[in-house]
Engineer: 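First the structure, which I've put down as structure tokens, then a few questions once you've had a look.
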Amino acid sequence: FLPTCFRVEWPSDHEESSVNLEDESSLLQQLLGPLNSQLFLGRYFRESAVHVPSHPSTDGANRLQNIASQLFDLDPKSILRETSSESVFVWIRKNHTARIHSIEVNDAESAFQLYQAGHATYCRSPPTLEQVLVQNMLRGTGLGCGQYDPTRQRLTSMGRGEVEVFMSTKDHITNWHYDFQENFTLQLSGVKEWCVQKGTVRHPLRGCTPHYNTPDAVESQVLAARLADRNFQFGEPVAGSAAIGDVETITLKPGDVFYFPAGMWHKIKVVEPGVS
């Protein structure tokens with residue numbers, strides 16, 4: 001039985017170096033740090049979460065600096081202006097409570113004004129960064145046989161992925177849910193607290209988002225989940241119903257990398273605003 005989350009420790013004699021986006025053959029290994037990529041793929045991939053902290057001898061910022069520089073040194077206005085998304089998602093907090101409501105905004109200036117007003121946002125990264133990261137992560141993990149077509153025109157393309165840029169704000173909370181994608185989170189700035197718990201749906205066709213509980217979402221998500229777990233109940237994770245084992249808490253700081261598999265429940269709280 002594998003733990004919910006495996007925490008990587010840096011050996012005392014292992015030096016940390018910045019992630020090199022031009023080294024296409026080893027991007028996965030670079031992100032995993034001292035954890036061997038073949039061990040990761042053979043033991044933890046699609047089974048457990050993996051937390052790779054920044055090296056204890058650094059402040060954590062240097063390791064992912066090359067990625068941050070591709071995001072205009074994390075300037076929010078530039079990220080929103082150069083996104084490859086057709087629209088930007090903004091989480092509007094209701095009545096200064098933890099409850100959020102997601103809206104789509106079609107112009108960068110309006111999205112930036114909402115972000116400045118304290119509402120968290122997310123959008124896809126610029127295409128130049130997204131294509132490099134997705135292509136090499138598909139190749140490194142073998143998902144979709146490593147094939148990637150950013151135009152999505154080729155019938156033979158089996159791999160698909162996106163790079164979402166999350167710009168968090170003070171005290172923002174994203175409540176319990178799970179995704180259908182394999183997820184690698186790179187904490188570029190700020191601090192987030194993640195709670196994770198294994199789910200009973202190992203290879204979900206759809207995510208489960210109890211914080212967006214519209215009738216059409218609930219019905220389609222429950223139907224998809226019950227193909228894998230006939231007793232699945234819509235709502236936040238409960239051990240024995242839609243979840244397995246204990247809840248674990250992980251704190252992500254600048255320079256940290258965090259992998260978690262599709263179907264793993266997670267809840268995120270912003271400790272210090274930043275970009276991931």
Side-chain angles (χ1 to χ4, degrees), residues 1-8 31 40 43-53 89 91 93-94 97-102 120 122 137 141 143 161-164 166 168 171-187 190-253 256-271 276:
F1 178 76
L2 290 176
T4 300
C5 180
F6 173 69
R7 292 169 172 83
V8 177
L31 293 176
F40 166 76
R43 182 170 177 81
Y44 300 107
F45 188 52
R46 312 190 90 171
E47 296 290 341
S48 296
V50 174
H51 177 207
V52 185
F89 286 87
W91 282 304
R93 274 195 295 187
K94 295 184 177 180
T97 68
R99 290 188 61 81
I100 58 174
H101 175 64
S102 178
Y122 74 94
M137 293 305 283
T141 59
L143 290 173
E162 293 181 352
V163 176
E164 302 282 2
F166 293 84
S168 60
D171 298 327
H172 177 86
I173 295 175
T174 305
N175 277 321
W176 286 105
H177 64 287
Y178 68 70
D179 305 322
F180 67 90
Q181 307 99 326
E182 305 298 318
N183 187 296
F184 289 85
T185 290
L186 315 180
Q187 193 69 34
V191 179
K192 286 184 176 180
E193 181 182 271
W194 287 66
C195 295
V196 294
Q197 188 175 17
K198 286 189 173 183
T200 58
V201 180
R202 285 176 50 84
H203 304 295
L205 299 174
R206 290 207 57 179
C208 184
T209 55
H211 54 302
Y212 299 140
N213 57 355
T214 58
D216 58 333
V218 173
E219 181 180 13
S220 60
Q221 290 176 11
V222 169
L223 287 174
R226 287 183 178 171
L227 292 174
D229 177 5
R230 60 186 297 181
N231 297 315
F232 183 89
Q233 297 295 318
F234 186 86
E236 296 187 357
V238 177
S241 172
I244 303 169
D246 298 328
V247 175
E248 291 197 32
T249 302
I250 299 95
T251 299
L252 295 190
K253 301 178 181 180
D256 286 13
V257 173
F258 182 50
Y259 162 77
F260 62 92
M264 177 167 282
W265 290 97
H266 51 286
K267 175 182 178 181
I268 308 103
K269 177 182 178 181
V270 175
V271 179
S276 61

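Below, all heavy atoms of this structure are taken into account, side chains as well, without hydrogens, waters or symmetry copies. Heads up: numbering here begins at 1 and tracks the sequence.
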Engineer: Only distances under 3.5 Å count here; give the side-chain donor-acceptor pairs of residues 195-206 to other protein atoms, sequence neighbours excluded, each with its distance to 0.1 Å.
Structural biologist:
{"unit_1": "Q197", "atom_1": "NE2", "unit_2": "G245", "atom_2": "O", "d": "2.7"}
{"unit_1": "K198", "atom_1": "NZ", "unit_2": "L2", "atom_2": "O", "d": "3.0"}
{"unit_1": "T200", "atom_1": "OG1", "unit_2": "D229", "atom_2": "OD2", "d": "2.7"}
{"unit_1": "R202", "atom_1": "NH1", "unit_2": "E47", "atom_2": "OE1", "d": "3.3"}
{"unit_1": "R202", "atom_1": "NH2", "unit_2": "E47", "atom_2": "OE2", "d": "2.9"}
{"unit_1": "R206", "atom_1": "NH1", "unit_2": "S220", "atom_2": "OG", "d": "2.4"}

Engineer: Sequence neighbours excluded, which residues qualify as side chain to side chain donor-acceptor pair (under 3.5 Å) partners of T209?
Structural biologist: Q221
Engineer: Enter the distance from Y44:OH to F6:CZ here, rounded to the nearest 0.5 Å.
Structural biologist: 4.0 Å
Engineer: Measure the NZ-OG distance between K269 and S168 for me, rounded to the nearest 0.5 Å.
Structural biologist: 13.0 Å
Engineer: Considering non-hydrogen atoms only, spot the tightest contact between Y212 and S102 and give its length.
Structural biologist: OH-CB, 3.4 Å
Engineer: Partners of E248 by side chain to side chain donor-acceptor pair (under 3.5 Å), sequence neighbours excluded?
Structural biologist: R7
Engineer: So, do F258 and V52 sit near enough that their side-chain heavy atoms are less than 4.5 Å apart?
Structural biologist: no
Engineer: Who pairs with V222 by side-chain contact (heavy atoms from CB on, under 4.5 Å), at least two apart in sequence or on another chain?
Structural biologist: V218, R226, F234
Engineer: Mind listing the closest non-hydrogen atom pair of P261 and A49 along with its distance?
Structural biologist: CD-N, 3.9 Å
Engineer: I need the minimum non-hydrogen distance between T174 and H211, along with the two atoms involved.
Structural biologist: CG2-NE2, 4.1 Å
Engineer: So which of V163, L31, L143 actually passes side-chain contact (heavy atoms from CB on, under 4.5 Å) with M137?
Structural biologist: L31
Engineer: To the closest 0.5 Å, what do you measure between CD1 (I250) and OG1 (T185)?
Structural biologist: 11.0 Å
Engineer: Are the side chains of V8 and V50 in contact, using a 4.5 Å heavy-atom criterion?
Structural biologist: yes
Engineer: Using the test side chain to side chain donor-acceptor pair (under 3.5 Å), find all partners of S276 that sit at least two apart in sequence or belong to another chain.
Structural biologist: K192
Engineer: Hey, could you give me each pair passing salt bridge (Lys or Arg N to Asp or Glu O under 4.0 Å) that has a residue in residues 172-183? Not counting sequence neighbours.
Structural biologist: R46-E182
Engineer: With F40, which residues qualify under ring pair (Phe, Tyr, Trp, His ring centres under 6.0 Å), at least two apart?
Structural biologist: F45, Y259
Engineer: According to side-chain contact (heavy atoms from CB on, under 4.5 Å), who are the partners of A120, at least two apart in sequence or on a separate chain?
Structural biologist: W91, T169, H172
Engineer: Indicate the ring-plane relationship of W194 and F260, choosing parallel, tilted or perpendicular according to the 30° and 60° boundaries.
Structural biologist: tilted
Engineer: With F89, which residues qualify under ring pair (Phe, Tyr, Trp, His ring centres under 6.0 Å), at least two apart?
Structural biologist: Y122
Engineer: Can you confirm whether V271 sits close enough to T251 that some side-chain heavy atom of one is under 4.5 Å from a side-chain heavy atom of the other?
Structural biologist: no
Engineer: Please report the interatomic distance NZ(K267) to NE2(H177), rounded to the nearest 0.5 Å.
Structural biologist: 12.0 Å
Engineer: Taking atom CE of M264 and atom CG of N183, what is their separation to the nearest 0.5 Å?
Structural biologist: 11.0 Å
Engineer: Of all residues at least two apart in sequence or in a different chain, which pass the side chain to side chain donor-acceptor pair (under 3.5 Å) check with D246?
Structural biologist: none
Engineer: Taking only residues two or more places apart in sequence or in another chain, which ones pass ring pair (Phe, Tyr, Trp, His ring centres under 6.0 Å) with W176?
Structural biologist: none
Engineer: Please report the C-alpha distance between H51 and D256 in whole Å, then the side-chain angles of each, then the deciding distance to 0.1 Å, and finally whether the side chain to side chain contact (heavy atoms under 4.5 Å, CB included) criterion is met.
Structural biologist: CA-CA 7 Å; H51 177 207; D256 286 13; 2.9 Å; yes
